[in-house]
**Q** 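One structure, pasted below without further comment.
Order of the sequence lines fixes the chain letters, A, B, ..., with proteins taken first and strands second; residue numbering starts at 1 for each chain.
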Amino acid sequence: MDLARPRGTEDVFPEAAARWRALEAVCHGLARRYGYGELRTPTFEHSEVFHRFLGDATDVVQKETYDFKDRGERELTLRPEGTAGAVRAFLQAGLQGGALPRKLCYVTLSAFRYERPQAGRLREHHQFGCEAFGSADPTTDAELIALVADLLRELGVRDFAVRLNSIGDPACRPAYLEALRDYYRPLLPGLCHDCQVRFDHNPLRLLDCKKDREAVAGAPRPADHLCADCAAHFATLRGYLDDIGIDHTIDHTLVRGFDYYTRTVFEFVSGELGAQNSILGGGRYDGLVESMGGPPVPAAGFAVGMERLLTVASTLAAPDPALDVYVASDDRREALAACQALRRAGLAADMDPLSRSLRAQMRAADRSGASVAVIRAAPERERGVAVVRPLRSPGAAQREVAWTALLADPRDQVGA
RNA sequence: GUGACUGUAGCUCAGCUGGUUAGAGCGCCAGGCUGUGGCCCUGGAGGCCGGGGGUUCGAGUCCCCUCAGUCACCCCA
């Protein structure tokens, strides 16, 4: 097989696609209930949209993006996530000058990262995400978390947990990072290589280390070093979550991968998922819009991995619309005419284009899920009729209808 | 980018220590049960044994390289 699909990508055939459509319907329904309107942005953006504003220290930008030049020598990048493009679109449309808050969502947004494929991880995956621009209020953080909790409940995901943290803002984070560095400086020689690098480039990620557990356990906690405003924001958010009945735990080591987060960060994890157990990540990014050249517009959002959602969802039984009618005939011209009459009447009809035996056609009819088979061969032709045979109701007997009536009035003749 | 395991018919897999025409189940096609699906029976088609190189009288079986899949690290959704 020399024409294989690229590594880390998937083909979705109709059986599986039905689950996707069901999932998409759930996502759209929730977004609507929470007041988020759909935003569709390009699959690729100018590279600097991601490189400059997602944070150069993030691994995703450093080594995982698909970068290319087009024939006009423009430097472009396939989007590795949805937020940067949403912010870009928000600014380009001048929405910051319009009515705020502006709440936008995206469904089945394709995202590309050059990574080694693994359970729950692809090079092209899809996200459902929501972004709320223009509100710094904790009710916005709370509603985003609630939306996801509702989503998981609706999908029948049993085993999930909400992890929450606050990592401060430009007012209090510098002091915290100093405290963190002071704590780590003497420990540094004994730590892993990654941590040594993080110490200089991205100290917050030190908390993320899975190897140097003891060091992390004794480290100063972000939530203990918040300024008054951040602390109040965090406390209010937790109160709101309690009010609306969302269980959550504070994870003092939760910092998230992208640099743009401020204050609230959250993550939903599932025990059903394997090593890549994060279903969703999100948080507040009050500085991002401004850093992308806009006015200071606070914002918050999340993104869920839809493939991961699909593996943990239990309520998405695939209700793939079965065929309504299968036309079995030894004459393709007649079969086509009957199918067209049925199709134009709004029914799902199909036939056998391969001139197989009546027996084979009946088997195909059975497999197709059609509720009725129309049979038309020599004996029927002599009498100017067709047989209408029910396939799904054991008791029902087959009957004959006039061929001309079937073509003229297919719905009634077939009993649909 | 690192590591482990795997790669034989459309699908799921057998093929012992290298040895004659590579097998099974399911699926598919044709036929039988007297034009009509599901059950049963008979027959049939279908395999550069992932690809390349090597060792050997001889390789699906051993060695090397490569590609792909799976899982883990890293990171993230």
Side-chain angles (χ1 to χ4, degrees), chain A residues 1-10 13 54 57-65 79-83 106 108-129 148 192-195 197-198 202 205 208-211 254-258 266-270 273-282 301-312 326-330 352 354-382 386-392 394 397-398 400:
Chain A
M1 179 65 175
D2 44 359
L3 282 181
R5 89 180 81 91
R7 199 159 192 210
T9 61
E10 282 184 334
F13 281 86
L54 231 43
T58 62
D59 284 358
V60 166
V61 166
Q62 271 185 345
K63 53 192 186 191
E64 295 176 4
T65 53
R79 61 184 170 211
E81 54 90 67
T83 301
Y106 41 82
T108 319
L109 171 137
S110 52
F112 306 85
R113 295 178 197 175
Y114 189 84
E115 296 183 281
R116 192 88 168 257
Q118 176 184 339
R121 197 174 66 193
L122 296 161
R123 288 189 173 177
E124 180 184 12
H125 75 282
H126 299 82
Q127 300 187 347
F128 162 51
V148 180
C192 68
H193 173 74
D194 286 342
C195 282
V197 174
R198 289 176 180 129
N202 199 350
R205 302 304 302 267
D208 229 3
C209 188
K210 278 101 189 166
K211 295 192 196 108
L254 179 63
V255 296
R256 310 276 321 141
F258 296 122
F266 57 90
E267 200 167 86
F268 282 56
V269 295
S270 165
L273 228 44
Q276 309 302 313
N277 65 351
S278 165
I279 313 175
L280 163 146
F302 69 81
V304 222
M306 293 179 78
E307 282 86 354
R308 289 182 188 178
L309 227 37
L310 241 20
T311 80
V312 296
Y326 192 97
V327 179
S329 172
D330 57 1
D352 178 32
L354 303 177
S355 294
R356 289 179 299 184
S357 65
L358 186 61
R359 165 203 184 75
Q361 294 190 39
M362 287 304 291
R363 293 189 66 188
D366 187 48
R367 279 197 306 265
S368 75
S371 51
V372 169
V374 167
I375 301 165
R376 167 81 170 178
E380 288 77 24
R381 201 168 293 115
E382 279 172 29
V387 168
V388 172
R389 178 175 174 83
L391 297 174
R392 307 293 150 200
Q398 64 183 43
E400 292 189 348

**Q** Describe the nucleic acid contact of A:R356 in one word from base, sugar-phosphate, nothing, applying a heavy-atom distance below 4.0 Å.
**A** sugar-phosphate
**Q** Of the nucleotides B:rA77, B:rG35, B:rG37, which one has an atom closest to the side chain of A:A377?
**A** B:rG35
**Q** Run the numbers on A:D366 and A:R392 for side-chain contact (heavy atoms from CB on, under 4.5 Å), then give the verdict.
**A** CA-CA 9 Å; A:D366 187 48; A:R392 307 293 150 200; 3.4 Å; yes
**Q** With the threshold set at 4.0 Å, does a side-chain nitrogen-carboxylate oxygen contact exist between A:D330 and A:R356?
**A** no
**Q** Using a heavy-atom cut-off of 4.0 Å across all strands, would you classify A:A360 as base, sugar-phosphate, or nothing?
**A** sugar-phosphate
**Q** Nearest-nucleotide wise, let me know which of A:R116 and A:L391 is further upstream toward the 5' end of RNA chain B.
**A** A:R116
**Q** Among the nucleotides B:rA77, B:rG38, B:rA72, which one has an atom lying closest to any side-chain atom of A:A119?
**A** B:rA72
**Q** What is the nucleic acid contact for A:Q398, judged by heavy atoms within less than 4.0 Å: base, sugar-phosphate only, or nothing?
**A** base
**Q** Tell me the partner of B:rA9, counting only Watson-Crick (N1-N3 plus N6-O4 or O6-N4) or G-U wobble (N1-O2 and O6-N3) with both under 3.5 Å; none if nothing fits.
**A** none
**Q** By nearest heavy atom, map A:I279 and A:P6 onto RNA chain B; which one lands nearer the 5' end?
**A** A:P6
**Q** Indicate, with a heavy-atom threshold strictly under 4.0 Å, whether A:R367 touches base, sugar-phosphate, or nothing.
**A** sugar-phosphate
**Q** At 4.0 Å (heavy atoms only), tell me whether A:R363 reaches a base, stays on the sugar-phosphate, or touches nothing.
**A** sugar-phosphate
**Q** For A:G369, which contact category applies under a 4.0 Å heavy-atom criterion: base, sugar-phosphate, or nothing?
**A** nothing
**Q** Any base atoms under 4.0 Å from A:L309, or only sugar-phosphate, or nothing? Heavy atoms, all strands.
**A** nothing
**Q** Assign A:E380 to base, sugar-phosphate, or nothing according to its heavy-atom contacts below 4.0 angstrom with the strands shown.
**A** base
**Q** Taking pairing as Watson-Crick or G-U wobble with both contacts under 3.5 Å, can you name the mate of B:rC71, or confirm there isn't one?
**A** B:rG3
**Q** With a non-hydrogen cut-off below 4.0 angstrom, is A:A365 in contact with a base, only sugar-phosphate, or nothing?
**A** nothing
**Q** What is the minimum heavy-atom distance between A:M362 and A:A328, and which atoms define it?
**A** SD-CB, 4.3 Å
**Q** Any side-chain N or O of A:Q118 below 4.0 angstrom from OP1/OP2 of B:rA72?
**A** yes
**Q** Between A:R7 and B:rG69, is there a contact of a side-chain N or O with OP1 or OP2 at under 4.0 Å?
**A** yes
**Q** Might you point out which heavy atoms bring A:S270 and A:V312 nearest each other, and give the distance in Å?
**A** OG-CG1, 3.7 Å
**Q** Which nucleotide, B:rG35, B:rA77, B:rG37, lies nearest any side-chain atom of A:I375?
**A** B:rG35
**Q** Does a nitrogen or oxygen in the side chain of A:S357 sit under 4.0 Å from OP1 or OP2 of B:rG31?
**A** yes
**Q** Identify whether any heavy atom of A:G129 sits under 4.0 Å from a base atom; if not, whether one sits that close to sugar-phosphate; answer base, sugar-phosphate or nothing.
**A** nothing
**Q** Yes or no on side-chain contact (heavy atoms from CB on, under 4.5 Å) for A:M306 and A:H125, after CA distance, side-chain angles and deciding distance?
**A** CA-CA 8 Å; A:M306 293 179 78; A:H125 75 282; over 6 Å; no
**Q** Counting Watson-Crick and G-U wobble pairs only, both distances under 3.5 Å, name the nucleotide matched with B:rA14, or none.
**A** none
**Q** Under 4.0 angstrom, heavy atoms only, what part of the nucleic acid is A:E307 near: base, sugar-phosphate, or nothing?
**A** nothing
**Q** Take the angle between the ring planes of A:F266 and A:F302 and call it parallel below 30°, perpendicular above 60°, tilted in between.
**A** tilted
